[in-house]
Amino acid sequence: MKKKRKKQKQVIDTWDEAVCKGLIDQLWSLRANMLENEAGLTGVLENADPAYRASARNLAHYLALRQSDRRPLQEQLARIGVSSLGRAESHVVANLDKVLGILHRLTGQDWQAHSREEPTGIQSSQKLLERHTSDLLGAPPVARSVRIMVTLPSEAAGDFGLVRRLLVSGMDIARINCAHDGPEQWKAMAAHVRRAAKTEGRSVKILMDLGGPKLRTGPMSPGPAVLKLRPQRDEIGRVLVPAQLGLRAAGGNAQVDAVTVHAGVDEQWLDQLKAGDHVDLVDARGSRRSLRVVRRDTGGVLTECAQTLYLVPETRLKLRRKNSPMRTSLLTDLPAKEGTMHLERGNTLFLTRGGLGRTTTIGKRKKQRTAFAVACTLPEIFQQVCVGERIWFDDGRIGGVIRRIEKDRLEIEVTQARDIGEKLAGDKGINLPDSQIDLPALTEKDIEDLKDVAKLADLVGLSFVQSARDVEALRARLIELGAADLGIVLKIETRRSFENLPELLFSAMSGKAAGVMIARGDLAVECGYERLAEVQEEILWAAEAAHMPVIWATQVLETLAKTGLPSRAEITDAAMGERAECVMLNKGPHITEAMRTLDDILRRMQAHQSKKRPLLRALAAWGGGRKSAKG
């Protein structure tokens with residue numbers, strides 16, 4: 001019996017040794033591929049800033065690791081209980097060498113360290129990432145390693161209190177979107193951020209996002225001038241805040257204090273109004289309504305109504321005071337509604353070089369049918385698209401296929417929309433996921449905006465970056481402006497930028513401070529929603545291999561920020577943000593509540609996970625099963 005057991009043990013040992021030696025051969029071959037890939041990128045690696053030299057080498061090794069399917073190798077390594085290289089992103093060769101050393105000892109072979117060929121180890125790689133993150137995003141806040149970035153609303157330019165509340169609620173980085181507002185507003189926002197940071201004794205960075213060559217729909221023909229006013233009511237219909245309307249002299253632009261909606265009336269008729277007066281009218285639906293004059297100021301008069309009313313230019317106002325010299329006036333200067341077009345599947349939409357969006361007709365007399373036309377902000381794409389390629393509008397809400405290409409327009413068949421159709425407005429995004437669009441990332445406006453960005457910002461976001469040339473062009477401009485050390489954030493928001501990510505990372509490493517933003521909105525449309533989870537994972541892995549900080553962006557806690565109530569799915573999504581170095585929130589009326597929620601989520605999650613690596617924190621809630629065993 002003992003002889004049989006000894007024979008079985010020898011068979012097992014022989015099998016293990018043969019497997020281990022086979023794995024050693026595979027790993028040495030893989031290691032040689034990594035060093036060969038590094039040698040082939042010598043010119044690229046030499047361009048890296050000294051602070052990023054080791055990181056660039058590690059990225060070269062990681063790219064070699066992912067050139068082939070390594071799953072069979074991983075399964076074999078896992079069977080014998082050694083590292084399967086699944087968490088090797090930050091220290092690829094060092095991790096592989098650890099496995100090789102263990103296998104050599106298991107097989108009784110000598111092993112010598114090869115540390116000269118290892119650019120980073122598990123500890124040094126973590127220190128590199130922390131240093132690069134601090135260089136770009138500033139020091140981490142107390143008790144939270146992930147920074148919170150907040151997009152400043154336009155109101156931040158005139159409201160210091162708003163900016164200070166954001167900072168107190170946990171904002172570590174303020175984002176200014178240069179696609180909106182203008183230099184004067186940006187200067188005011190930046191000044192408020194610096195002042196609030198000084199007041200609170202904190203360091204807060206400012207990111208300014210360049211607009212970039214964003215494809216958008218052009219303006220639409222304005223809709224009818226109909227003004228709907230509605231009071232705010234409680235759950236049982238009682239009026240909490242009446243509908244308000246400022247009346248001012250026709251043709252003027254005076255503002256009644258604390259009023260957002262204005263209309264014009266005859267100036268002589270306006271002059272006779274006083275607080276307490278009542279003005280009667282019949283609205284556009286034929287409903288009788290009454291406005292009460294609350295007060296006068298230099299801009300005109302404030303009126304209120306406790307009922308919903310619809311006003312049009314033909315609406316006549318009648319002062320109830322009988323002894324007044326002028327009893328009535330027509331409403332004028334009503335704000336026109338934003339123009340939209342209602343699109344359904346099967347509709348024809350023309351994308352044109354210019355003009356207002358409009359409804360048109362196509363076909364001969366007996367076969368005429370309705371079509372739609374809207375301008376494109378960058379018509380130079382007409383020469384870069386092909387028939388049969390897909391096109392998406394408004395963050396993927398409306399989809400179509402290009403059916404014909406003409407000199408001044410594209411003919412598109414609408415193929416994706418809800419059964420009830422979709423409304424398309426002006427200034428909505430356009431995505432061409434199948435097309436090889438070649439546009440410089442820096443527009444003329446961006447180049448002009450950089451003059452202010454260089455003076456105000458700590459880091460600049462490069463929108464719609466697609467190639468290393470784009471990064472080099474931005475860096476050259478910053479050098480010209482004396483802002484060579486300004487941090488650069490690569491916004492990965494197109495399919496091409498994702499496909500060119502390695503060259504973008506290598507190019508960004510030529511500076512001292514760089515990072516990646518996963519702009520998941522456009523990226524989802526470009527790559528397909530079903531691929532977004534996979535794509536964002538791959539971006540996180542590549543950035544970790546480059547020891548480059550990542551900003552997790554787009555729609556994080558968006559429902560909470562806008563409505564005050566989060567969805568279950570977005571809470572889980574926010575928790576995923578812990579794998580990045582920064583999470584970005586967009587503006588909304590409940591933004592401070594969203595920030596507090598995000599802060600709590602990130603603090604909790606950092607005790608459970610670091611990047612891909614789960615952390616085995618004690619799970620006090622379960623108590624090792626003792627409670628359930630007693631029960």
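- Looking at heavy atoms from C-beta onward, Pro566 lies out of side-chain contact with Thr559 at the 4.5 angstrom threshold.
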Please list every donor-acceptor pair under 3.5 Å in which a side-chain atom of residues 547-558 meets a protein atom from a residue at least two apart or in another chain.
{"unit_1": "His547", "atom_1": "ND1", "unit_2": "Ser55", "atom_2": "OG", "d": "2.7"}
{"unit_1": "His547", "atom_1": "NE2", "unit_2": "Ser90", "atom_2": "O", "d": "2.8"}
{"unit_1": "Thr554", "atom_1": "OG1", "unit_2": "Arg520", "atom_2": "N", "d": "3.1"}
{"unit_1": "Thr554", "atom_1": "OG1", "unit_2": "Gly521", "atom_2": "N", "d": "3.4"}
{"unit_1": "Glu558", "atom_1": "OE2", "unit_2": "Lys562", "atom_2": "NZ", "d": "2.8"}

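- We find that Arg345 and Asp419 are joined by a salt bridge, their nearest charged nitrogen and carboxylate oxygen being less than 4.0 Å apart.
- Inter-residue side-chain proximity for Leu439 and Phe464 is flagged as unmet; no heavy-atom pair is nearer than 4.5 Å.
- Ion pairing of Lys445 with Asp449 is present here, as a side-chain N (NZ or NE/NH1/NH2) and a carboxylate O approach within less than 4.0 Å.
- Remark: the backbone N or O of Ala545 is paired with a side-chain donor or acceptor of Asn58 at under 3.5 angstrom.
- Formation of a donor-acceptor pair under 3.5 Å by the Gln416 side chain with backbone atoms of Gly399 is not found in this model.
- If you take OG1 on Thr133 and CD on Glu130, they are separated by 8.0 Å, rounding to the nearest 0.5 Å.
- Under a 4.0 Å N-O distance rule, the pair Asp159/Arg164 does not qualify as a salt bridge.
- Considering only heavy atoms from C-beta on, Lys214 stays 4.5 Å or farther from Ser463 through its side chain.
- Side-chain atoms of Ser145 and Gln606 form a donor-acceptor pair, as typed in the model, at a separation below 3.5 Å.
- For the pair Ala197 and Val204, the tightest heavy-atom approach, listed with the atom from each and the gap, is CB-CG2, 4.0 Å.
- Looking only at side-chain heavy atoms (C-beta outward), Glu200 and Val168 come within less than 4.5 Å of each other.
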Kindly indicate, with the supporting measurements, whether the criterion side-chain contact (heavy atoms from CB on, under 4.5 Å) is fulfilled by Arg131 and Asp135.
-> CA-CA 6 Å; Arg131 188 175 75 195; Asp135 288 345; 4.0 Å; yes
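- Counting heavy atoms from C-beta outward, Met517 and Met584 have side chains that approach closer than 4.5 Å.
- Of the charged side-chain nitrogens involved, at least one lies within less than 4.0 Å of a carboxylate oxygen, so that Asp172 and Arg144 count as a salt-bridged pair.
- Two residues are said to be in side-chain contact when any heavy atoms from C-beta on lie closer than 4.5 Å; Val535 and Leu523 meet this criterion.
- When the shell of 6.0 Å around CZ of Arg70 is examined, it contains more than 12 heavy atoms from other residues, nucleotides or ligands.
- Distance alone, capped at 3.5 Å, is enough to place a donor-acceptor pair between the His262 side chain and the Val256 backbone.
- Of the charged side-chain nitrogens involved, none lies within less than 4.0 Å of a carboxylate oxygen, so that Glu581 and Arg147 do not count as a salt-bridged pair.
- To the nearest 0.5 Å, the span separating CE on Met149 from SG on Cys582 amounts to 4.0 Å.
- Listed here is the closest heavy atom pair of His192 and Phe160: O-CE1, 3.6 Å.
- Listed for the Thr217 side chain is a donor-acceptor partner under 3.5 Å among the backbone atoms of Asp427.
- Side chains of Thr151 and Lys587: no donor on one and acceptor on the other come within 3.5 Å.
- Scanning all heavy atoms of the two residues, the minimum distance from Val193 to Ala174 falls at CG2-CB, 3.8 Å.
- From Leu560, atom CG reaches atom CZ of Arg596 across 9.5 Å, with rounding to the nearest 0.5 Å.
- The shortest heavy-atom contact between Arg202 and Met171 is NH2-O, 2.9 Å.
- Between the side chains of Ser467 and Asn500, no donor N or O sits under 3.5 Å from an acceptor N or O.
- Across all non-hydrogen atoms, the minimal contact from His91 to Arg87 is CE1-O, 3.8 Å.
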Which pairs of donor and acceptor atoms, one on a side chain in residues 501-512, lie under 3.5 Å apart (sequence neighbours left out)?
{"unit_1": "Glu503", "atom_1": "OE2", "unit_2": "Ala468", "atom_2": "N", "d": "2.7"}
{"unit_1": "Ser510", "atom_1": "OG", "unit_2": "Arg475", "atom_2": "NE", "d": "3.1"}
{"unit_1": "Ser510", "atom_1": "OG", "unit_2": "Ser507", "atom_2": "O", "d": "2.8"}

Please lay out, stage by stage, how Gln232 and Val239 fare under the test side-chain contact (heavy atoms from CB on, under 4.5 Å).
-> CA-CA 6 Å; Gln232 295 181 26; Val239 175; over 6 Å; no
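- For the residue pair Asp446 and Thr443, a side-chain donor N or O sits within less than 3.5 Å of a side-chain acceptor on the partner.
- We find the CG-CD1 distance between Asp458 and Ile173 to be 9.5 Å, quoted to the nearest 0.5 Å.
- Side-chain N or O atoms of Asp234 include one that pairs as donor or acceptor with a backbone N or O of Arg238 at under 3.5 Å.
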Test side-chain contact (heavy atoms from CB on, under 4.5 Å) on Leu540 and Ile518 and set out the steps.
-> CA-CA 9 Å; Leu540 283 166; Ile518 308 179; 4.1 Å; yes
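- For the atom pair CD1 of Ile430 and CG of Leu378, the computed distance is 8.5 Å after rounding to the nearest 0.5 Å.
- Judged by distance alone, the side chain of Asp470 and the main-chain N or O of Gln466 form a donor-acceptor pair under 3.5 Å.
- For Cys305 against Pro231, the heavy-atom pair with the smallest separation is O-CB, 4.2 Å.
- Of the possible donor and acceptor atoms, none in the side chain of Asn431 sits under 3.5 Å from a partner among the backbone N and O of Pro433.
- In the model, Thr592 has no side-chain atom that pairs as donor or acceptor with a side-chain atom of Arg165 under 3.5 Å.
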Step by step, work out the salt bridge (Lys or Arg N to Asp or Glu O under 4.0 Å) result for Glu537 and Arg531.
-> CA-CA 10 Å; Glu537 284 295 306; Arg531 281 204 66 205; over 6 Å; no
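- Side-chain contact between Arg477 and Leu442 is present, with heavy atoms from C-beta onward closer than 4.5 Å.
- A 4.5 Å side-chain heavy-atom check between Ile148 and Leu598 finds at least one atom pair inside the cut-off.
- Crowding of Arg66 atom CZ: a count of heavy atoms from other residues, nucleotides or ligands under 6.0 Å not exceeding 12.
- The existence of a salt bridge linking Asp395 and Lys428 is excluded, since no basic side-chain nitrogen approaches an acidic carboxylate oxygen closer than 4.0 Å.
- A side-chain donor from one of Gln244 and Glu304 sits under 3.5 Å from a side-chain acceptor of the other.
- Here Glu530 contributes atom CD and Leu532 contributes atom CG; the two are 9.5 Å apart, rounded to the nearest 0.5 Å.
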Before giving the answer on side-chain contact (heavy atoms from CB on, under 4.5 Å), spell out for Met595 and Leu585 the whole-Å C-alpha distance, their side-chain angles and the decisive distance to 0.1 Å.
-> CA-CA 8 Å; Met595 292 170 66; Leu585 295 175; 3.6 Å; yes
